[in-house]
Amino acid sequence: MTERLRRFDILLIAGAFLLLLPVLKFQRATDFIIFCIFVLSFDLLYGYMGRLSFGHMLFLGAGAYGVTLFADRVSPNPYLSILFAIAAAAAVGALLGPIAVRTTGAAFALINLAFNQIGHFLALIAFARFTGGEDGMSAVFSKAGFLDLQDKRVAFGFCLACLLLTCWGMKRLTASPFGILLRMIKENETRVKFLGYDTFRYKWAAYVLSAAVAGFAGALSILNYGYVTPSFIDTNRNVEVIFASLIGGAGSIYGSLVGGVVFMTISNYLATYIPRWEMFLGLGLLLLVFRFRAGIWGMVSTLEVFRPRREGEGR
Amino acid sequence: MITTLVYGLTIGGILYIISIGLSLTFGSMRIVNFAHALVYTMGAYFLVVILRVLGLGFLLSAAIATVAVLPVAAGIERFVIRRLYGESLDYAIIATYAVLLIGVDLIKWVFGATPIPLSDPIGRDVDLFGISFPLYRLLIIAMALSIHAGLYLFFKRAIVGKIVVAGLEDKDAVRSLGIDVDRHFAIVFLIGSGLAALGGVLYAPITSVHPYMGFQILLVSFAVVIVGGMGSLRGTFLSSFALGMVIALTGRYWGPAAETMVFAVMAVVLIFKPLDV
């Protein structure tokens, strides 16, 4: 049953996100979708390559500032701006990647944290003349082609298409030899080296790719909100994407989507009812680490109905 | 210029007192302990409470505040850290970060988010090379030096320290001698946490006390530990004073960049000295 479902999963994801519409406003639903793209980019590093980054907001911020600055200074065309933002985030990733991917575990997390802190400083203080510092700056996009992205409904459709594209790309990527190699690096990097692969190059490529997708998410957020502030590159917000990835289940596209939606639901709605939001987040993280490591999708996918039946399994 | 030097030494001293616990925890338990920042912040808040409520002198209050944090640290060790032995580093990072979030939110709940200023507890200046310095800062430098000497003797002479050093070298070999290594590591954790609280207490009068004071200093401490080498006493000592100098010198020319410069230095160090953790 699952195999057949899996063939149409892009359509199913689209349907599931359309179900959000009756409960949410368009802008909010778009926000959910964009966050899911961000979680997917994080999961490429954490779930597939096994590197926990504590500084992924840097790439989101690079994309967010990239799109705003391009729209402000060069051309208000939204497509060109988004492309520039992706390129900018990828460039940041390409620049920092060689330093970051040589490390593993704690050092990787901390180095990314440090990079993020530098980025935050650059956006907030050093380049405040260009970025507007604490106040941020607004981005105005022109109407390009037949789509008016200022219309929230069109923006929703556009972002949903972007999410589906990202999901499709991730699906292809993780099933490709490159994706399998990444998972091998997660399991045992030394053995991959033994097989003659230059793991550094693959890790670097994955890092740049993850940065680019995160930058994509950042650019789309600006499209949705219309202004950028240093909170898009705030170090302390890294825990959000980690939480989302864990709650959904790391190392799976569906897990990332579930985690993204669940986290956004919690942070948007529960936060209004629970005054001590950070404490709730902390307790949730502890619970996930000590009890439910597989996350929601990890638990769902172990249910009997969904387990793909393997050939030769005596049944 | 000499003022800047003394300022750098003060920051270096504080950084050393805070980072050494982080470094030892990592070296012994292989755990990156974000909850360290919580212990640091709590030390400062306990100091405020004791100064305000009990109205004791600064030195006595500082001592009580440092000791009062120890049960909290022991609780964190018992219920969170101990369950993370042998787990992947990622889970340890996430779990201790969660503890930090919970603790900081608790502090905000009880004390509110407004910064609490504290005045220089000694308020006397000393003349040195014709320039006057606050005595308190010189005291911090002296304290950091004596703590380093004390820790050095502890790991060199005391039997507990020797067991820890041996455990760092080869945990299984020490355990095969019938020694409970984890319990000794727990002692190291408590020493480190106590020092972090002391760092918070000592730094509180220089900056102000607020719930997020731990976050920023924690990042700098991580840089200290990475530059100095995780689990290395002397490395941490040298790198904290070096980075303290970096902060002071950068701060002299461009204030807001002071702490960011530390990360730039760290990145440069990592380019030439990749570390495998």
Side-chain angles (χ1 to χ4, degrees), chain A residues 46-47 50-55 95-96 98-122 124-126 128 133 186 189 200 235-236 238-239 242-243 245-246 250 274-290 293, chain B residues 26 30-34 38 79-80 83-84 87-106 108-109 211-212 215-216 218-223 225-226 230 254-277:
Chain A
Y46 179 55
R51 297 285 194 280
L52 174 72
S53 165
F54 235 88
L95 186 72
L96 303 179
I99 308 174
V101 299
R102 288 196 299 181
T103 60
T104 58
F108 184 80
L110 298 180
I111 284 163
N112 279 295
L113 190 61
F115 287 150
N116 195 342
Q117 192 69 27
I118 296 176
H120 185 240
F121 166 78
L122 291 180
L124 183 65
I125 293 159
K186 178 184 181 180
E189 193 178 337
F200 173 78
T235 325
N236 290 330
N238 282 304
V239 63
I242 297 171
F243 186 68
S245 185
L246 276 178
I274 301 175
R276 306 246 64 90
W277 158 242
E278 280 178 326
M279 198 179 296
F280 178 81
L281 192 63
L283 288 172
L285 277 174
L286 278 184
L287 200 67
L288 279 170
V289 167
F290 287 125
R293 282 207 186 151
Chain B
F26 188 83
R30 303 258 123 204
I31 279 173
V32 176
N33 182 18
F34 273 84
L38 175 65
F79 292 107
V80 179
R83 302 171 72 170
L84 293 166
E87 297 277 1
S88 107
L89 277 167
D90 307 340
Y91 289 124
I93 293 177
I94 296 166
T96 51
Y97 192 85
V99 172
L100 175 63
L101 276 180
I102 296 171
V104 166
D105 209 35
L106 263 178
K108 268 201 297 190
W109 197 0
Y212 289 99
F215 281 90
Q216 194 67 33
L218 184 75
L219 293 184
V220 180
S221 297
F222 278 140
V225 174
I226 286 180
M230 301 201 176
W254 192 20
E259 277 170 357
T260 308
M261 197 62 193
V262 171
F263 302 120
V265 171
M266 177 181 118
V268 171
V269 168
L270 280 169
I271 292 172
F272 294 106
K273 184 198 103 177
L275 82 175
D276 285 314
V277 183

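First the proteins, then the strands, lettered A, B, ... as listed; each starts at 1. Both backbone and side-chain heavy atoms feed into the values below; hydrogens, waters and symmetry mates do not.
- Proximity to chain B is limited to the side chain of F115(A), based on heavy atoms less than 4.5 angstrom apart.
- Open room surrounds CH2 on W109(B); 12 or fewer heavy atoms of other groups in view lie less than 6.0 Å from it.
- Using a 4.5 Å cut-off between heavy atoms, A95(B) contacts chain A through both its backbone and its side chain.
- Heavy-atom distances place both the backbone and the side chain of Y91(B) under 4.5 Å from chain A.
- Using a 4.5 Å cut-off between heavy atoms, A100(A) does not touch chain B at all.
- With a 4.5 angstrom heavy-atom cutoff, A92(B) does not touch chain A via any of its atoms.
- With chain B as the partner, the residue from I125(A), L286(A), V289(A), L110(A) showing the most heavy-atom pairs under 4.5 Å is L110(A).
- Per-residue heavy-atom pair counts under 4.5 Å with chain B were compared for I242(A), L288(A), L285(A), and the maximum is reached by L285(A).
- Using a 4.5 Å cut-off between heavy atoms, V80(B) touches chain A through backbone and side chain atoms alike.
- Residues I111(A) and F263(B) have side chains not in contact (no heavy-atom distance under 4.5 Å, counting atoms from C-beta outward).
- Rounding to the nearest 0.5 Å gives a distance of 4.0 Å between OH of Y46(A) and CD1 of I94(B).
- Remark: M261(B) CE to I118(A) CD1 distance equals 9.5 Å, nearest 0.5 Å.
- Annotation: maximal heavy-atom pairing with chain B below 4.5 Å, among L281(A), L124(A), L52(A), N236(A), occurs at L52(A).
- Of all heavy-atom pairs between G282(A) and A98(B), the closest is O-CB, 3.3 Å.
- Annotation: maximal heavy-atom pairing with chain A below 4.5 Å, among A257(B), A267(B), A264(B), occurs at A257(B).
- At a 4.5 Å heavy-atom cutoff, L100(B) makes no contact with chain A through either its backbone or its side chain.
- One finds the CE atom of M266(B) at 8.0 Å from the CG atom of L113(A) (value rounded to the nearest 0.5 Å).
- Aromatic ring centres of F34(B) and F54(A): separated by under 6.0 Å.
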